[in-house]
Amino acid sequence: MMCLLLISLAAGECHPIAGMTICPARSIPGFFEGAALHKYPAYDSPYMDVTNQVVAGVLAEIGDLLEVHGENPFKVRAYARAAETVRHLGRPVAGMDDDDFEALPGIGKVIAGNIAEIVETGTCQEQVRLREATPPGLPALLNLRGVGPKTVHRFWKELGVTGIDDLETAARAHRIRGLRGFGEKKEDEILRAVAAARKVSTRMSMTEAERLAERVLLVIPGEAWVAGSLRRGRSTIGDIDVVTLAPAAETALALEGIADEVIDAGEKKISVRIDEIRIDVRFSTSGDLGAMLLYLTGSKGFNIRLREVARSGGMRLNEYGLTDQTTGELRSFGTEDEVFTALGMVLVPPELREDRGEVDLALAGHLPRVVEAQEIRGDLHLHSEWSDGSMSLDEIALVGESRGYEYILVSDHSASLGIAHGLDADRLACQHQAIREVNRTLGSGCTLLAGVEVDILADGRLALPDRVLQDCDLVVASVHSGFGQAEDVMTRRVITAIEKEHVDIIGHPTGRVISRRPPVALDMGRVIGAAAENGKALEINASPGRFDLDDIYIKQAQERGVKLAIGTDAHAPSDLDHIRHGVTLARRGWCGAGDILNTMSLVDLMEWRG
DNA sequence: GCCGTTTTCGGCCCGACTGTTTTCAGTCG
């Protein structure tokens with residue numbers, strides 16, 4: 001199979017999708033797990049904890065409602081920013097003093113008051129007032145492509161449109177083109193946007209996005225780099241951004257050949273749609289590449305922060321470079337590193353560019369060093385042919401050696417999970433004997449660790465007895481059944497497992513399977529707290545179908561000193577490649593090498609187990 | 001609504017592109 005090596009030479013760093021393989025792309029409707037969920041988490045039970053997610057949801061909704069009322073865009077942005085701040089906060093707002101809210105960036109007296117109210121009651125007067133003043137279907141119109149707040153406001157006030165059905169009716173009756181500034185094309189565009197919105201979400205997994213990106217890179221007649229959320233390593237991707245040095249006209253021609261639709265095409269960029277996914281390609285030159293990559297990679301919030309930094313230094317930052325506001329002189333940069341240096345910052349790795357405090361730390365030169373792929377010494381979750389995997393023990397040891405690993409944890413399922421041919425105590429003992437034999441005779445540089453992925457039963461007990469678990473090199477414990485338990489029951493169940501003496505790692509903690517199964521109801525704050533108290537690790541499951549934990553929780557765990565164990569959950573040799581996704585997730589969670597169990601030497605790892 | 005070494009009011013990131021326009025508003029990333 002042919003491989004593309006995407007090296008971000010300009011940034012002097014390896015691209016997160018380096019080494020990805022070429023596969024035929026396919027349409028992936030409805031991938032995003034949130035597609036079926038409400039946009040704003042509802043506070044609908046007096047027994048439910050008011051989580052940061054709920055508070056963030058209320059603030060975000062207020063922002064959207066203000067927007068359709070035509071409010072000051074900066075006020076709208078203030079609510080949106082505050083929502084993001086709360087969403088990514090490392091500690092629960094419910095446990096904070098009201099004064100603490102105001103100390104948070106972008107949160108002043110008014111929003112602090114709102115947060116206090118939401119923590120107390122689940123809502124706030126501002127949300128109630130706005131909801132009463134707004135047709136409930138109106139904010140959803142903001143999600144239609146090509147439709148922004150001004151347009152929604154005009155549809156509502158001038159056409160009486162209160163929701164997506166109304167809008168479609170109005171468009172079909174040609175009432176849209178009657179509005180000043182609207183014409184036939186705009187009306188057609190609205191109908192297409194309505195049709196697109198009615199389909200399931202078109203966010204896709206990181207791996208699907210990589211395949212689509214490869215298709216695009218293959219046809220571009222010149223050097224090209226992936227930027228945007230794919231380069232930042234987000235678990236789900238909404239669109240694909242590419243920067244290229246190839247000639248604009250030839251690139252446009254090549255893209256039109258594989259695109260379903262050309263959204264717009266100009267001298268500086270071309271946007272197309274393939275399999276419902278938007279692809280934006282920006283044309284650049286080698287001398288400008290640094291600022292262009294930086295601009296197209298950053299999240300919106302990160303870019304805004306960076307431009308604020310530039311302004312405070314008397315400069316203006318755009319995708320072409322830095323302009324001195326006094327002299328008007330434009331400085332260009334070939335690499336991202338040079339732009340950061342000119343702004344007085346250290347380079348911020350792409351995975352961190354989310355406006356979560358990294359800009360201030362980079363300005364102070366105190367940005368934490370995040371883990372690198374080459375620091376990983378082994379894989380801590382893998383299945384052999386002894387349960388539901390395809391690999392023999394010999395094969396695992398050889399694959400591990402070929403990857404330069406020092407160790408691999410063989411963690412087959414325990415017997416309670418019948419469908420996975422789980423091992424009972426006797427068969428596990430046989431397997432562990434076979435593992436020791438392989439280690440002794442094969443001569444592989446990669447040591448196999450004799451472990452197990454033991455089921456956490458409905459009441460928190462484990463599916464294998466202590467005497468069996470204590471003989472294991474490492475024990476992963478995971479929930480594989482009873483996913484529908486109430487939050488408190490599930491939380492107690494997982495914490496009970498964490499407190500078991502011989503459990504070392506909690507596997508795929510939230511149990512989500514992207515697009516197929518939502519995360520279990522789990523109070524992750526309590527789980528992280530229990531892991532910290534008991535010195536246990538939480539898994540970063542690197543399987544693309546799981547990506548569990550989410551980066552928010554990885555960062556929370558890291559902040560509380562909990563070790564993270566990256567496991568591919570591999571069932572076949574090629575699955576071991578997924579370790580790079582685990583590293584990306586760890587980096588997005590601000591983990592350094594010291595936070596990751598798999599960076600330890602074998603000796604240190606066994607010492608950690610105790 | 002937030003913020004401040006330009007500090008209690010005035011500014012808030014910046015540019016590409018489209019459609020409907022005769023010079024720009026709106027949307028998007």
Side-chain angles (χ1 to χ4, degrees), chain A residues 59 62-63 66-67 70-83 85 101-115 126 141-155 176-190 193 227-232 237-243 248 252 262-273 278-284 288 291-292 294-323 325 330 343 353 355 359:
Chain A
L59 295 177
I62 291 173
L66 288 170
E67 200 166 26
E71 262 284 3
N72 174 359
F74 298 104
K75 185 170 168 179
V76 171
R77 186 182 137 196
Y79 273 97
R81 265 200 80 191
T85 299
F101 299 147
E102 267 194 81
L104 298 172
I107 292 176
K109 258 193 168 21
V110 175
I111 295 184
N114 287 339
I115 295 174
E126 182 71 345
L141 299 186
L142 288 171
N143 299 328
L144 296 175
R145 61 187 187 222
V147 177
K150 306 269 187 200
T151 309
V152 171
H153 190 73
R154 290 193 59 198
F155 286 164
I176 306 271
R177 66 182 67 175
L179 296 179
R180 180 178 163 72
F182 286 80
E184 199 175 330
K185 281 193 172 180
K186 202 78 182 152
E187 200 168 69
D188 289 345
E189 194 186 316
I190 297 283
S229 54
L230 185 53
R231 184 170 180 229
R232 298 202 309 278
I237 307 291
D239 61 9
I240 290 172
D241 298 292
V242 173
V243 180
V262 176
I263 299 166
D264 52 43
E267 290 176 5
K268 308 289 182 75
K269 62 179 278 200
I270 176 169
S271 300
V272 301
R273 209 179 309 279
R278 181 186 176 115
I279 321 274
D280 290 313
V281 179
R282 286 295 301 253
F283 307 119
S284 187
D288 294 333
M292 184 63 83
L294 186 62
Y295 155 72
L296 217 61
T297 299
S299 69
K300 184 180 174 185
F302 176 83
N303 282 347
I304 289 174
R305 277 291 295 129
L306 224 53
R307 284 164 179 176
E308 285 170 356
V309 170
R311 287 177 72 91
S312 70
M315 297 174 283
R316 234 180 43 238
L317 174 65
N318 63 20
E319 59 264 52
Y320 305 109
L322 276 170
T323 304
Q325 286 191 300
L330 171 71
L343 289 171
R353 300 179 194 172
D355 190 24
V359 172

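Atoms considered below: every heavy atom in the structure, side chains included; atoms not considered: hydrogens, waters and symmetry mates. Letters A, B, ... are given to chains in the order of the sequence lines, protein chains preceding strands, and every chain is numbered from 1.
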key: Tyr295(A) ring center near Phe302(A) ring center (under 6.0 Å)   = no
Between [N] and [M], how many Å separate the two [atom1] atoms, rounded to a whole number?
{"N": "dT8(B)", "M": "dA16(B)", "atom1": "C1'", "result": "37 Å"}
{"N": "dG26(B)", "M": "dT21(B)", "atom1": "P", "result": "13 Å"}
{"N": "dG15(B)", "M": "dC9(B)", "atom1": "C1'", "result": "28 Å"}
{"N": "dG11(B)", "M": "dT6(B)", "atom1": "C1'", "result": "11 Å"}
{"N": "dC12(B)", "M": "dT7(B)", "atom1": "P", "result": "15 Å"}
{"N": "dT23(B)", "M": "dC17(B)", "atom1": "C1'", "result": "16 Å"}
{"N": "dC2(B)", "M": "dT20(B)", "atom1": "P", "result": "38 Å"}
{"N": "dT5(B)", "M": "dG1(B)", "atom1": "C1'", "result": "23 Å"}

Can you name the side-chain hydrogen bond (donor to acceptor under 3.5 Å, both in side chains) partners of [X], sequence neighbours left out?
{"X": "Asn72(A)", "result": "none"}
{"X": "Arg81(A)", "result": "none"}
{"X": "Asp239(A)", "result": "none"}
{"X": "Tyr79(A)", "result": "Asn114(A)"}

Nearest-Å distance, [atom1] ([X]) to [atom2] ([N])?
{"X": "Leu66(A)", "N": "dG1(B)", "atom1": "CG", "atom2": "C1'", "value": "9 Å"}
{"X": "Gln325(A)", "N": "dC14(B)", "atom1": "CD", "atom2": "C1'", "value": "12 Å"}
{"X": "Ile107(A)", "N": "dC2(B)", "atom1": "CD1", "atom2": "P", "value": "8 Å"}
{"X": "Leu330(A)", "N": "dC14(B)", "atom1": "CG", "atom2": "C1'", "value": "13 Å"}
{"X": "Glu102(A)", "N": "dC3(B)", "atom1": "CD", "atom2": "P", "value": "8 Å"}
{"X": "Leu294(A)", "N": "dG15(B)", "atom1": "CG", "atom2": "C1'", "value": "15 Å"}
{"X": "Leu306(A)", "N": "dG15(B)", "atom1": "CG", "atom2": "C1'", "value": "16 Å"}

ask   = Which pairs pass side chain to side chain donor-acceptor pair (under 3.5 Å) with one or both residues in residues 309-319 of chain A, sequence neighbours excluded?
value = Arg282(A)-Glu319(A)
task = Can you sort out the partners of Ile304(A) under side chain to side chain contact (heavy atoms under 4.5 Å, CB included), two or more places apart, ordered by chain and number?
result = Arg77(A), Lys300(A), Glu308(A)
task = Mind checking side chain to side chain contact (heavy atoms under 4.5 Å, CB included) for Glu187(A) and listing every partner two or more places apart, or none if nothing turns up?
result = Ala171(A), His174(A), Ile176(A), Arg177(A)
message = Quick check: do Pro149(A) and Leu142(A) have side-chain heavy atoms less than 4.5 Å from each other?
response = yes
request  = Indicate for each nucleotide in nucleotides 21-29 of chain B, in 5' to 3' sequence, whether protein heavy atoms under 4.0 Å reach the base (B), only the sugar-phosphate (S), or nothing (-).
outcome  = -----SSSB
task = Would you kindly compare Ile263(A) and Ala78(A) by the position of their nearest DNA chain B nucleotide and give the one closer to the 5′ end?
result = Ala78(A)
ask   = Of Met315(A) and Leu104(A), whose closest DNA chain B nucleotide lies nearer the 5' terminus?
value = Leu104(A)
Counting any heavy atom closer than 4.0 Å, what does [X] reach on the DNA or RNA strands: base, sugar-phosphate only, or nothing?
{"X": "Glu187(A)", "answer": "nothing"}
{"X": "Ala265(A)", "answer": "sugar-phosphate"}
{"X": "Arg81(A)", "answer": "nothing"}
{"X": "Leu317(A)", "answer": "sugar-phosphate"}
{"X": "Asn303(A)", "answer": "nothing"}

query = Which is it for Arg273(A) and Ile279(A) under the side-chain contact (heavy atoms from CB on, under 4.5 Å) test, yes or no, and what are the steps along the way?
reply = CA-CA 6 Å; Arg273(A) 209 179 309 279; Ile279(A) 321 274; over 6 Å; no
task = Could you tell me which nucleotide pairs with dT8(B) by Watson-Crick or G-U wobble geometry, both distances under 3.5 Å, or answer none if nothing does?
result = none
With 3.5 Å as the limit, what N/O pairs link the protein to nucleotides 6-12 of chain B?
{"residue": "dC12(B)", "atom": "OP1", "partner": "Arg311(A)", "partner atom": "NH2", "Å": "2.7"}

inquiry  = Would you say Arg353(A) and Ser299(A) are linked by a side-chain donor-acceptor pair, where the criterion is simply a distance under 3.5 Å?
reply    = no
